[in-house]
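Worksheet: the structure to be examined is printed underneath.
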Amino acid sequence: MRKFKVLAVLTLLVITESFGNKCFTQTNENYNPVIKHMYTCDPSTIVDNGTFYLVTGVEKTDTPYNWPFRINSWHIFSSTDMKTFKDHGPILDASAFKWMTNKSECWASQIMKKDGKYYWYVCDWGNIGVAVSDNILGPYHDAIGKPLISSKDTQFKGYIDPTVYIDEDGSSYIYWGGMGNLFGCKLKDNMIELDEGRIQVTNLKNYEEAPWLFKKDGLYYLAYSTSNGYRKGPIRYATSASPLGPWQDRDDILGVAYNSFTNHEAIVEYKDKWYMVYHNGALPGGGDYNRSVCIDRLFFNEDGTIQFVEQTTCGPEGKNAYNNWGPHAYAGVDATCLITTGVTLNSRIVDDGRMIEDMWWKWEVVEGPGEIKVDMNSVKNHKINFTKAGNYKIKLTVSDGYATNSDDVNVKVYDIPQNVVAESDSFPAEMSVKKKGVYAIHLYYNTGYNLKTELIVNNKSYPIMLEKTQFGYDPSCAIYTYNVELKKDINTIRLKTESKDIISKIQISKLD
C-alpha cells in the first residue's frame with residue numbers, strides 16, 4: 001500500500017476507548033476536510049438531542065485514481081461545535097445485510113429518527129436496504145431481511161443514494177437514483193415499506209445521483225449531484241410546494257469538487273446555522289476513489305433561493321484561511337519495465353486553479369543507478385525513460401506558488417531480456433509457463449492497436465494499452481509490453497484477437 005505524503009495541517013488527535021472500538025476526537029482548527037485520519041465519502045447528517053452527527057462511508061482503495069470504490073462500512077462522527085468531531089467507529093457494515101451481493105461496493109446512506117427508533121438507509125450497487133436501532137450509535141440490524149428497493153424490480157433503474165425526509169405531520173418520503181434516473185415515493189408509517197404513488201423526476205438539469213431532500217419555511221428542496229464517472233459537475237437544487245413535486249429546477253449551488261469526479265451533498269441546519277456537507281479528494285493520497293468530507297456555511301436569500309457556496313480550506317467555522325487547496329501530486333502505481341521501453345505511469349497532477357504563480361512540476365531520481373528523461377506534455381500519465389537498468393525511486397513534485405506537494409513511486413527497470421521462454425505467431429494463442437518469476441509479455445503489432453484484443457494471464461485480463469512505442473528487436477513494429485509476476489508452478493497465457501493481421505507475434509521473456 002502506498003504511503004501518505006503529509007501536508008501541513010493543524011490537527012489534534014486524542015485516542016480514547018469507547019464501545020470496544022478506538023474512537024478519535026479530532027479538533028480541526030478551522031481546516032477542511034473535517035475528518036483527516038481516514039478517507040470518508042458520501043456524507044449525510046442528522047441532528048439529535050442537540051448533537052450534530054455526520055454519517056459517512058469509509059474508503060479503502062489502494063490507488064486513488066483507479067476503480068472501484070471500496071466502501072463496505074459506515075462511520076458516525078459527532079460534534080457540538082462544528083470544530084471537534086468524535087469518531088464513534090464503524091457502527092454499521094455490509095455484513096449486517098445477508099442479501100447484499102456487492103459487499104465491497106456500497107455507497108451512500110442516511111439515518112432518520114422516528115418514534116424513538118433510528119432507521120439507517122444504505123445501498124450497495126443496485127439495492128437499497130434499511131437497518132434499525134434503538135440507539136443512534138447502534139447496534140443496528142437488518143429491519144426486513146431483504147432490500148427495501150431491489151435491483152430485481154425492472155420498473156426502476158439506478159438503485160443507489162437514498163435520501164429520506166420526515167415532514168411535520170409525521171409522513172415520510174424517500175428519493176433515490178443514479179445514472180440519471182431519479183425516483184421518489186412516500187414511505188409507510190413503519191419506515192420500512194414503500195407506500196403507493198411512486199414518481200419519476202425527469203425535468204432536472206443534468207441530474208446524475210446523490211439526491212438530498214429537506215424543507216425550510218414551508219418550501220421543499222431537492223439538491224443533487226450532476227457529476228458521474230465520465231464528467232465532473234456541480235451540485236444543483238430544485239424546489240417544490242410538495243414533497244413529491246412537481247419540482248422547479250433552480251441553479252448550481254456548489255462547484256466541481258476538488259480532485260474528485262463525484263460529489264455527494266447533505267444540507268442541514270444546526271444551532272440556527274445552515275451547512276453544506278460534501279466530499280472532495282484533498283487529503284494526501286486522496287483522489288477520485290479516496291475522498292474526504294468537508295463542511296462549509298450555506299446561506300439563503302430572502303426569497304428562499306440558495307446562495308452559491310464557496311468551497312474553502314478553512315471549514316465551517318474557520319476564519320482568515322487562504323482559500324487555496326494547493327496542488328496535488330500522485331506519482332502512480334509501482335511498476336516494472338524494460339530499459340528499451342520505459343514506463344508510462346498513471347501519474348496525475350491536480351490543482352484548484354487558485355494559483356499565486358504558474359504551476360510547475362518536476363520529476364527527479366531519489367534512488368537509482370541512472371538518470372531519467374520525462375515526457376511532460378500533460379498533467380497525467382507521464383512517460384519515464386531510464387538510462388540504466390536497476391531499482392529506482394522517483395519523485396514527482398508540484399507547486400502553485402502557495403503550496404508544494406510531492407509523491408514518489410518505485411520502478412524496477414530490466415535490461416533487454418535474453419531468455420525467451422515462449423512465443424507464438426498464430427492466434428488465438430495459448431502458451432504455458434512452468435516456472436515462477438517475473439516475465440515480460442510482448443505483443444508485436446503490425447498496425448496500430450486493437451481495443452478488441454485481450455491478454456489473459458491465469459484468468460486475469462490485462463487491458464490493451466493505448467500508447468504504442470517504437471523499440472525492441474524489430475524497429476519496424478510497435479510492441480506493447482506487460483510485466484507480470486507468475487506465482488504458480490504452471491501458468492497459462494492466452495491472447496485473443498479478432499484479426500491475426502493486427503498482431504504478428506506474442507513473446508514471453510523471463511526477467512528474473
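- At least one side-chain heavy atom of Leu194 sits under 4.5 Å from a side-chain heavy atom of Leu187.
- In this model, no donor atom of one side chain and acceptor atom of the other lie less than 3.5 Å apart for His141 and Ser133.
- For the pair Glu364/Lys362, a side-chain contact is recorded, criterion being any heavy-atom separation below 4.5 Å from C-beta on.
- Phe69 has its side chain out of reach of Asp42: every pair of non-hydrogen atoms, C-beta onward, lies at least 4.5 Å apart.
- When the shell of 6.0 Å around CG of Asp272 is examined, it contains 12 or fewer heavy atoms from other residues, nucleotides or ligands.
- When all heavy atoms of Tyr119 and Val130 are compared, the pair lying nearest together is CB-CG2, 4.2 Å.
- Between the side chain of Asp296 and the backbone N or O of Val309, no donor-acceptor pair lies under 3.5 Å.
- The shortest heavy-atom contact between Leu204 and Ala238 is CD2-CB, 3.6 Å.
- With respect to Lys395 and Asp407, no salt bridge is recorded, no charged nitrogen being found less than 4.0 Å from a carboxylate O.
- No hydrogens or angles considered: a donor-acceptor pair under 3.5 Å links the side chains of Tyr224 and Asp249.
- Although no hydrogens or angles enter the test, the distance criterion places no donor-acceptor pair under 3.5 Å between the side chain of Asn301 and the main chain of Gly304.
- Side chain to side chain, Thr51 and Asn49 fail the donor-acceptor criterion of an N or O pair below 3.5 Å.
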| query | What's the verdict on side-chain contact (heavy atoms from CB on, under 4.5 Å) for Ile394 and Leu345, showing C-alpha distance, side-chain angles and the deciding distance? | reply | CA-CA 11 Å; Ile394 56 178; Leu345 297 169; 4.0 Å; yes
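- Atom CD1 of Ile235 and atom CD1 of Ile306 lie 11.0 Å apart (nearest 0.5 Å).
- Residues Trp325 and Val350 form no side-chain contact, since every pair of their non-hydrogen atoms from C-beta on lies 4.5 Å or further apart.
- Side chains of Thr226 and Glu208: no donor on one and acceptor on the other come within 3.5 Å.
- Side-chain contact check for Pro243 versus Lys215: every heavy-atom pair is 4.5 Å or farther apart.
- Counting heavy atoms from C-beta on, the side chains of Val293 and Pro33 never come closer than 4.5 Å.
- Considering Asn263, Thr262, Thr40, Thr56 in turn, Thr262 is the only one that fulfils the side-chain hydrogen bond (donor to acceptor under 3.5 Å, both in side chains) rule with Arg291.
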| field | Tyr220 and Leu222: CA distance, side-chain angles, deciding distance, side-chain contact (heavy atoms from CB on, under 4.5 Å) verdict | value | CA-CA 7 Å; Tyr220 297 89; Leu222 185 63; over 6 Å; no
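- To the nearest 0.5 Å, atoms NZ (Lys216) and CH2 (Trp274) are separated by 6.5 Å.
- One finds the CG atom of Asp167 at 8.5 Å from the CG atom of Leu213 (value rounded to the nearest 0.5 Å).
- Of the inter-residue distances, the one linking Asn280 atom CG with Tyr278 atom OH reads 6.0 Å to the nearest 0.5 angstrom.
- Smallest separation of non-hydrogen atoms from Ala335 and Val343: CB-CG2, 4.0 Å.
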| field | Intermediate values then yes/no, side-chain hydrogen bond (donor to acceptor under 3.5 Å, both in side chains), Tyr237 and Thr239 | value | CA-CA 7 Å; Tyr237 81 106; Thr239 59; over 6 Å; no
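- Of all heavy-atom pairs spanning Pro162 and Tyr121, the tightest one is CG-O, 3.8 Å.
- Residue Asn259 holds its CG atom at 11.0 Å from NE2 of His279, rounded to the nearest 0.5 Å.
- Annotation: side chain of Lys114 is in contact with side chain of Met191 (closest heavy-atom distance under 4.5 Å).
- Only one option out of Asp48, Asn135, Asp134 pairs with Tyr118 in a side-chain hydrogen bond (donor to acceptor under 3.5 Å, both in side chains); it is Asp48.
- Between Asp252 and Arg236, at least one side-chain N (NZ, or NE/NH1/NH2) sits under 4.0 Å from a carboxylate O, which counts as a salt bridge.
- A donor-acceptor pair under 3.5 Å is formed between the side chain of Lys36 and the backbone N or O of Tyr31.
- In this structure a side-chain-to-backbone donor-acceptor pair under 3.5 Å is present from Asp288 to Phe261.
- Ring-centre distance between Tyr221 and Phe214: below the 6.0 Å cut-off.
- If you check the side chains of Ser79 and Asp81, you find a donor sitting under 3.5 Å from an acceptor.
- Remark: the backbone N or O of Ile267 is paired with a side-chain donor or acceptor of Trp212 at under 3.5 angstrom.
- Side-chain atoms of Tyr270 come within 3.5 Å of backbone N or O of Gly50 as a donor-acceptor pair.
- The OG1 atom of Thr397 sits 9.5 Å away from atom CD1 of Ile349, with the distance rounded to the nearest 0.5 Å.
- Without hydrogens or angle criteria, Lys98 side chain to Lys146 main chain gives no donor-acceptor distance under 3.5 Å.
- Gly281 and Ser260 make their closest contact through N-CB, 4.0 Å (heavy atoms, listed as atom of the first residue, atom of the second, distance).
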| task | Would you please test Asp142 and Trp99 for side-chain hydrogen bond (donor to acceptor under 3.5 Å, both in side chains) and show each step? | result | CA-CA 10 Å; Asp142 190 347; Trp99 48 265; 2.9 Å; yes
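- A side-chain donor from one of Trp120 and Ser109 sits under 3.5 Å from a side-chain acceptor of the other.
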| task | Verify side-chain contact (heavy atoms from CB on, under 4.5 Å) between Tyr39 and Tyr289, making sure each step is shown before the conclusion. | result | CA-CA 9 Å; Tyr39 296 122; Tyr289 303 98; over 6 Å; no
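- Considering only heavy atoms from C-beta on, Leu182 stays 4.5 Å or farther from Thr202 through its side chain.
- Counting only N and O atoms by type, the side chains of Tyr258 and Asp351 include no donor and acceptor under 3.5 Å apart.
- With no hydrogens or angles considered, a side-chain donor-acceptor pair links His75 and Asp87 at under 3.5 Å.
- The main-chain N or O of Lys186 is never found under 3.5 Å from a side-chain atom of Asp195 such that the two would form a donor-acceptor pair.
- With Tyr207 contributing its side chain and Gly177 its backbone, the two residues share a donor-acceptor pair below 3.5 Å.
- Phe300 approaches Gln307 most closely through the heavy-atom pair O-NE2, 3.9 Å.
- More than 12 heavy atoms of other residues, nucleotides or ligands lie within 6.0 Å of NZ in Lys271, so this atom counts as buried by the packing criterion.
- With sequence neighbours excluded, no residue satisfies side chain to side chain donor-acceptor pair (under 3.5 Å) with Asp115.
- When each of Trp176, Trp125, Trp74 is checked for a ring-ring contact (aromatic ring centres under 6.0 Å, His included) with Trp107, only Trp125 meets the rule.
- Ser227 and Ser225 are linked by a side-chain donor-acceptor pair at a separation below 3.5 angstrom, with hydrogens and angles left out of the test.
- Here the side chain of Gln311 pairs a donor or acceptor atom with the backbone of Gly255 at under 3.5 angstrom.
- When ring centroids are compared, Phe97 and Tyr140 stay outside the 6.0 Å threshold.
- In this structure, a donor-acceptor pair under 3.5 Å is absent between the side chains of Thr313 and Asn32.
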